[in-house]
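A quick write-up on the structure given underneath.
Please read all numbers here as calculations on a predicted model, not as lab measurements. Convention: sequence-line order gives letters A, B, ...; per-chain numbering from 1.
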2 protein chains.
Amino acid sequence: MDDLDRRIVGCLLRNARATFAEIGEEVSLSAPAVKRRVDRLVASGTIRGFTVLIDPAVLGWQTEAYVEIYCKGTVSPGDLRRSLEAVPEVVGACTVSGSADALVHVLASDVRHLEQALERIRDEHNVDHTESVIVLSRLIDRSRT
Amino acid sequence: MDDLDRRIVGCLLRNARATFAEIGEEVSLSAPAVKRRVDRLVASGTIRGFTVLIDPAVLGWQTEAYVEIYCKGTVSPGDLRRSLEAVPEVVGACTVSGSADALVHVLASDVRHLEQALERIRDEHNVDHTESVIVLSRLIDRSRT
DNA sequence: GTTGAAAAGTGAACTCG
DNA sequence: CGAGTTCACTTTTCAAC
């Protein structure tokens, strides 16, 4: 992972469908040289995949919340992950410092749908209670590294 | 945005560099038909762009926090966005329900770097105080809608 | 980095409801 | 007419050098 790799990744972050020749022009490399580096970055796991950015409003999933999960007693991160993965509305989750066991990012079509997702999360055997903040407006989204 | 579009978007979410022919095979369409639909989705803004998923650990930005921002008096979302956009470590931000004015997602190389970013956020003229939780481990990341 | 064969992208003309 | 298809033609990929 040298500086050239970083510049190639920078191009791909902006447009993952750029041709190798286009990237090569920007970083002063031939198309095959770029391809070899990209292949290596994919093989090594540095590049985990190529994806598309969708306007969430179009999919109709406009209601967003961050939910702090408090579990009964202690719970392993692995168990927590398995519990939360079962709920498709959960788009992100992490264990955090402080008294909460996890912070969960939930995306739903509307408030009604969000409530249903929260109920499903709460119904998991090891969840004691939850504390939610609802997103009013998204100010910044630079989530793709 | 019909069911065919949704299936095409599904393919692109999994692999944004899939060829139109590959996508076409999966959704039972010819390559040019897929291309026309993808072009339309891009033109209409449904597809906001193509990007690459990078292993954050490789870039060395492994320290993550969620920070609640409390401002002095009232502040417009626009001003808040401008303040936060000036801090590159801020990867996401939204206004939220409850007493905090905003919830900010911060990514930094280490705790020291995170602290510097928090200081920069606090130094913005309209920030009263902040409340942070540090991410211990990421359980789920399905952030790319 | 260069070259060349194979594959994919792309626009036009055409066909079907 | 909007949406899909086939077909020619250009560009890109990708493996060998």
Quick one: which residue pairs count as a ring-ring contact (aromatic ring centres under 6.0 Å, His included) with a foot in [range], not counting sequence neighbours?
range                      : value
residues 85-116 of chain B : B:Trp61-B:His113, B:Tyr66-B:His105
residues 2-60 of chain B   : none
residues 67-95 of chain B  : B:Tyr70-B:His129

Name all pairs fulfilling the salt bridge (Lys or Arg N to Asp or Glu O under 4.0 Å) condition that reach into residues 30-43 of chain A, sequence neighbours left out, sorted by first residue then second. A:Asp2-A:Arg37, A:Asp5-A:Arg37, A:Asp5-A:Arg40, A:Lys35-A:Asp39
Once you round to the nearest 0.5 Å, how far does CG of B:Asn126 lie from CZ of B:Arg82? 10.5 Å
Rounded to the nearest 0.5 Å, the CD atom of A:Gln62 sits from the OG atom of A:Ser109 at a distance of 9.0 Å
Looking at DNA chain D, which of residues 39-47 of chain B put a heavy atom within less than 4.0 Å of it? none
Do A:Val38 and A:Leu4 share a hydrophobic cluster (ILVMFWY, side-chain heavy atoms under 4.5 Å, transitive)? yes
At a heavy-atom distance below 4.0 Å, which nucleotide of DNA chain C is the first touched by chain B, and which is the last? C:dA8 to C:dG11
Please work out which residues in residues 22-33 of chain A have a non-hydrogen atom less than 4.0 Å from an atom of DNA chain C and list them by number. A:Leu29, A:Ser30, A:Pro32, A:Ala33
Listed partners of [X] passing side-chain hydrogen bond (donor to acceptor under 3.5 Å, both in side chains), at least two apart:
X       : answer
B:Glu25 : none
A:Thr63 : none
A:Arg14 : A:Glu26

When you list every nucleotide of DNA chain D with an atom under 4.0 Å from a heavy atom of chain B, which one comes first 5' to 3', and which comes last? D:dA3 to D:dT13
Hey, does B:Arg37 reach any base, or is it just sugar-phosphate, or nothing, if we go heavy atoms under 4.0 Å? sugar-phosphate
B:Glu119 with B:Arg122: basic N within carboxylate O range, under 4.0 Å: no
With a cutoff of under 4.5 Å between side-chain heavy atoms, which Ile, Leu, Val, Met, Phe, Trp and Tyr residues group with B:Val90? A:Leu139, A:Ile140, B:Val67, B:Ile69, B:Val75, B:Leu80, B:Leu84, B:Val87, B:Val104, B:Val106, B:Leu114, B:Leu118, B:Ile121, B:Val127, B:Ile134
